[in-house]
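Every number for a ligand or one of its atoms is a count from 1 in the order of the listing. Just so you know, these numbers come straight off a predicted model, no measurement behind them.
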Amino acid sequence: MQVPLLDLKAQYAALRDEITPAIQQVVESQYFILGPEVKALEAEVAEYSQAQFGIGVSSGTDALLVSLMAAGVGPGDEVITTPYTFFATGGCISRVGATPVFVDIQPDSFNINPDLIEAAITERTRAIIPVHLYGQVADMDPIVELAARHNLTVIEDAAQAIGAEYRGRRAGSMGHLGCFSFFPSKNLGGFGDGGMVVARDPDLAAQVARLRNHGAQPKYYHQYIGGNFRLDAIQAAVLRVKLKHLDLWSAGRQANAATYRQMFAGAGLAETIGLPAELPERRHIYNQFVIRAPRRDELLAHLKQQGIGCEIYYPVPLHLQECFAHLGYRPGDLPESERAAQETLALPIYPELTDEMQQAVVAAIAEFYA
Ligand SMILES: *Cc1c(COP(=O)(O)O)cnc(C)c1O
């Protein structure tokens, strides 16, 4: 049996009759950039995320970039983040001219370890970017408390975590700014690139909105230098249709995660592989279901050969990336991140996955360790 890592065609087949007229309506209006569809999506995502304001942007990467710009982060500044994340988190810090400072992760959640942050704060530190990896929120209370004490801006990288919760609060609503990605493989994915910044503070939200459009306000008058980080109306129309289904999809992912736990236990594998921890007081939305696997690279090859989709997120932690060599990190500096990079493997978890497909995944893993 072939089991892809993600099957967007299955999702589209179920939504075709809703999405086609929504796109058609934008095409008829010939209003393609920002406009009423984007405004409506901004309000809906802000409400969904328990935030005051939403600003639609061109990608999750640009959400991070424009957030750092709006927070006034620049050359000479340091920004604390996790090395165990998608490249954009660290890349954006360098792109505004600041220096990323990487702090190791907690082995259970794969998220930044708040106990290690304070030692990394210097007089140059301006911001912290916690990442809610795989759809589970980082330990935000100590991070927000530390940031308040040191007067730092908190920018949540919630690209993988729309709708995830921590102590009843939604991803993106706890920091000063929250960043979402609508890349097609995210839980809320568009028909192309897209993203959103959410904010509580009206001034910060206004600054993000200005910078998204070259810093102009009013049009053709520039007090600030921004960029073109605008969201397209067609993407907004698609995303508005999909947002209505998001909770059902997240529930489907959670159900699939529970099914995996039962199946791995039933196959006697619960001790062999490390199953992802669901921490207390969290709503984990499982953008990825990531196990720790002995002989991971051999298992990956075995599963691929059996037609099972799987992927390593992420094989090289950011502090060991070639482009950050000038920062002077060495192997062994951030051991939990390095261990995760060597042990983890993401398995299919998308909501349309069937029990038979999950059985095939577990059987193929059982065969490997037999
Ligand atoms: C996907 C992702 C991004 C970037 O989002 P794009 O929309 O692809 O630019 C940033 N951070 C994390 C953690 C991501 O998973």
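Here E78 does not pair with R126 in a salt bridge; the nearest charged N to carboxylate O distance is not below 4.0 Å. E18 has no carboxylate O lying under 4.0 Å from a charged side-chain N of K244, or vice versa, which leaves the two without a salt bridge. Salt-bridge check for R230 with D62: failed, with every basic side-chain N at 4.0 Å or more from each acidic carboxylate O. Salt-bridge check for K39 with E42: failed, with every basic side-chain N at 4.0 Å or more from each acidic carboxylate O. For the pair R283 and D247, the salt-bridge criterion is met [side-chain N within less than 4.0 Å of a carboxylate O].
No more than 12 heavy atoms of other residues, nucleotides or ligands shown are found within 6.0 angstrom of CD on E322.
Those atoms of ligand 1 that come under 4.0 Å of a heavy atom in V131, given as number and element, are 13 (C). When each atom of ligand 1 is checked for a heavy atom of T85 under 4.0 Å away, the hits are 13 (C). Listed by number with element, the atoms of ligand 1 under 4.0 angstrom from any heavy atom of A159 are 2 (C), 3 (C), 10 (C), 11 (N), 12 (C), 14 (C), 15 (O).
Taking any N or O of L64, backbone or side chain, none lies under 3.5 Å from an N or O belonging to ligand 1.
Of the protein's heavy atoms, F86 CD2, 3.6 Å lies nearest to atom 3 (C) of ligand 1. Residue, atom and distance of the protein heavy atom nearest to atom 1 (C) of ligand 1 are K186 NZ, 1.5 Å. In terms of protein heavy atoms, atom 7 (O) of ligand 1 is closest to S181 OG, 2.6 Å.
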| request: Assess whether salt bridge (charged side-chain N to carboxylate O under 4.0 Å, His left out) is satisfied between R282 and E165, documenting all intermediate values. | output: CA-CA 5 Å; R282 302 287 205 287; E165 288 178 13; over 6 Å; no

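Contacts between T61 and ligand 1 below 4.0 angstrom, taking non-hydrogen atoms only, involve backbone and side chain alike.
Closest heavy-atom approach to atom 10 (C) of ligand 1 within the set N287, D157, D193: this belongs to D157. Checking M196, Q160, H132, Q288 against atom 15 (O) of ligand 1, the nearest heavy atom belongs to Q160.
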